[in-house]
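To keep things clear, I will list the structure first and then write my remarks on it.
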Amino acid sequence: MERGEPRRVANDFLPHSFRWSPDRSLIAYVSGNRLFVFGTTTLANIAPTTLRMLRKGDERGTDLASGPHVHVSPVWLPSGEELLYVSNEGGTRDIYQLSVSAAAGPRGKSHRLTTGLDVLTMSLSADATRLAYSVYRYDQNIWSIPIPRRGTVSVSEAQPVTLGTQAIEGISVSPDGRWLLYDSNRSGNQDIYRLDLSDGSPEQLTTHPADDFLPAWSPNGREIVFYSFRHGSRDIHVMNANGSALQRLTDHPAQERYPDWSPDGNSIVYQYDEGGTAQLRIMSRKGASSEWGLPRQLTVDGGAHPKWSPDGRWIAYRRYSTLRIIPADGGDPRT
């Protein structure tokens, strides 16, 4: 076969895990969360993905499995009308089977084939008689360690703050040092919890079936900002410290995440991903009882994981492998 020039066949968000159908007329693939398979510290993270099928001439694939769950590792059966894939829609990561029509997409609902396997990826033998799969299990809890006045401290001195079988991704200590915020999947999907550090009892603040991530206390300790998949893509939300008065701040098909408060509590900086490019945006209000205004873009050449400086003048952020700061009211960044 002669080698030709590569050509774009479709445009999608972080596509990966491509699988040709047996007759080479279709491609099954995954959209989103490429780090589930190719990550290091974020390997097997639970950010949702969409399983799609691409026909010749399509600019975007047809959804086969979507929603606030992980759908990965597609494998065609020899007929070309059945597809196996891995999903956590039933809790643990298991193998599902779905009937597929080349013309119309999914035919009916998928069927769960296994229970409790915790599959990461899988592959089918050439004769379709054996299925090989990898398993990945992990727990993440919070530990504390004293900061020494001088020298170093051994990790053996660390003390557990949370216990149990769960995965915790984001944490935030309240300004008064009494409470700890974190997200956890101890109840199934990722929800927001707060922990009274004086007695160690956690309280669940969100109960939505979609995943909620990376909570952060406002400077006065009265509000919490986080991002969530409640509406299909990542959006920024704010609620009171007890979980009441939930407010959605962003309403866009792009991915908005990693929010951080300004020191006065009247602005939030966050990462905005659209078309594979991450930038920073800021939303502001006049006061705690005022409406949030429209976002303004802060960076033009990329930015991720923003953090506001204590004096409110600067925002630190990452751009690829560099650390930068930029004036909070706009201007030229500095590496």
Side-chain angles (χ1 to χ4, degrees), residues 32-33 35-36 39 41-50 65-72 86-96 110 112 114-120 135-144 160-174 178-217 221 223-248 255-259:
N33 193 5
L35 295 178
F36 179 90
T41 57
T42 53
L43 181 72
N45 73 87
I46 61 175
T49 62
T50 299
S66 58
H69 304 288
V70 171
H71 309 286
V72 292
V86 175
S87 177
N88 67 349
E89 59 188 88
T92 55
R93 290 191 307 272
D94 280 292
I95 299 174
Y96 289 74
S110 61
R112 186 176 183 176
T114 67
T115 302
L117 282 191
D118 286 326
V119 182
L120 182 67
V135 172
Y136 184 76
R137 298 186 178 99
Y138 69 101
D139 293 328
Q140 293 172 228
N141 277 288
I142 302 170
W143 293 65
S144 68
V161 179
T162 64
L163 300 170
T165 302
Q166 60 186 333
I168 296 173
E169 291 201 8
I171 62 175
S172 176
V173 181
S174 64
R178 177 187 171 189
W179 297 91
L180 181 69
L181 276 179
Y182 59 93
D183 56 66
S184 168
N185 64 351
R186 60 183 294 166
S187 296
N189 65 288
Q190 214 78 2
D191 281 307
I192 306 299
Y193 292 78
R194 68 175 182 178
L195 178 70
D196 188 337
L197 293 173
S198 64
D199 62 14
S201 57
E203 176 187 358
Q204 186 171 347
L205 298 182
T206 64
T207 57
H208 197 277
D211 293 310
D212 302 325
F213 288 100
L214 265 65
W217 289 103
E223 294 175 285
I224 297 167
V225 66
F226 63 97
Y227 73 86
S228 176
F229 284 92
R230 295 168 185 238
H231 303 280
S233 62
R234 297 173 179 87
D235 284 303
I236 307 299
H237 294 71
V238 170
M239 63 183 177
N240 290 336
N242 62 2
S244 65
L246 180 69
Q247 183 181 3
R248 180 184 179 188
Q255 308 292 324
E256 290 121 343
R257 49 184 159 173
Y258 305 128

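Remember, it's a predicted structure, so these values are computed and weren't measured experimentally.
Checked by atom type and distance alone, the side chain of T114 pairs as donor or acceptor with a backbone atom of I95 at under 3.5 Å. At distances below 3.5 Å, at least one donor-acceptor pair connects side-chain atoms of N189 with backbone N or O atoms of H208.
With sequence neighbours excluded, the residues forming a salt bridge (charged side-chain N to carboxylate O under 4.0 Å, His left out) with R257 are D273, listed by chain and number. Under the salt bridge (charged side-chain N to carboxylate O under 4.0 Å, His left out) criterion, R248 pairs with D235, D251, not counting sequence neighbours. In this structure, E89 has no salt bridge (charged side-chain N to carboxylate O under 4.0 Å, His left out) partners at least two apart in sequence or on a different chain. Under the side-chain contact (heavy atoms from CB on, under 4.5 Å) criterion, A47 pairs with N33, N45, F229, R234, not counting sequence neighbours. Contacts of R112 classified as side chain to side chain donor-acceptor pair (under 3.5 Å), with partners at least two apart in sequence or in another chain: T92, D94. Residues satisfying the side-chain contact (heavy atoms from CB on, under 4.5 Å) criterion with V161, sequence neighbours excluded, are I142, S144, L180, L195, L197. With sequence neighbours excluded, no residue forms a ring pair (Phe, Tyr, Trp, His ring centres under 6.0 Å) with F36. Shown here are the side chain to side chain donor-acceptor pair (under 3.5 Å) partners of T115, two or more places apart in sequence or in another chain: there are none. Shown here are the side-chain contact (heavy atoms from CB on, under 4.5 Å) partners of N185, two or more places apart in sequence or in another chain: Q166, A167, Q190. Take Q204 and apply the side-chain contact (heavy atoms from CB on, under 4.5 Å) test, not counting sequence neighbours, and it matches S187, D191, Y193, T207. For R93, there are no salt bridge (charged side-chain N to carboxylate O under 4.0 Å, His left out) partners at least two apart in sequence or on another chain.
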request  = Using the side chain to side chain contact (heavy atoms under 4.5 Å, CB included) rule, take V225 and I236 through it: C-alpha gap first, then chi angles, then the decisive distance, then the call.
outcome  = CA-CA 7 Å; V225 66; I236 307 299; 3.6 Å; yes

query = Would I192 and L181 satisfy side chain to side chain contact (heavy atoms under 4.5 Å, CB included), going step by step from the backbone distance to the final call?
reply = CA-CA 7 Å; I192 306 299; L181 276 179; 4.2 Å; yes

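Rounding to the nearest 0.5 Å gives a distance of 9.0 Å between CG of L35 and CG of L43. One distance of note links CG of L163 with CH2 of W143; it measures 8.0 Å at 0.5 Å rounding. Here CD of Q247 is found 8.5 Å from CD of E223. Values are rounded to the nearest 0.5 Å. Here the straight-line distance linking atom CG of L214 with atom OG of S228 works out to 12.0 Å at 0.5 Å rounding. To the nearest 0.5 Å, atoms NE2 (H69) and CG (N88) are separated by 6.5 Å.
Taking every heavy atom of both residues into account, G32 and T49 meet most closely at O-CG2, 3.3 Å. In terms of heavy-atom proximity, A245 sits nearest to N240 at CB-ND2, 3.4 Å. Pairing each heavy atom of G170 with each of P215, the nearest pair is O-CD, 4.2 Å. Contact record, A241 with W217: CB-CZ3, 3.6 Å, taken as the closest heavy-atom pair. Pairing each heavy atom of Y227 with each of E256, the nearest pair is CB-O, 3.7 Å. Across every non-hydrogen atom of S172 and A216, the tightest pair is OG-CA, 3.6 Å.
Residues R194 and N242 form a side-chain contact, since some pair of their non-hydrogen atoms from C-beta on lies under 4.5 Å apart. Side-chain atoms of T50 and H71, non-hydrogen and from C-beta on, never get closer than 4.5 Å to each other. Here the side chains of L246 and R230 are in contact, with some heavy-atom distance below 4.5 Å. The shortest distance between side-chain heavy atoms of D118 and V135 falls below 4.5 Å. Counting only heavy atoms from C-beta outward, the side chains of M239 and T206 approach each other to under 4.5 Å. Using a 4.5 Å cut-off on side-chain heavy atoms (C-beta onward), Y182 and N141 make no contact.
Applying the salt bridge (Lys or Arg N to Asp or Glu O under 4.0 Å) test to every pair with at least one member in residues 236-245, sequence neighbours left out, gives no pairs at all.
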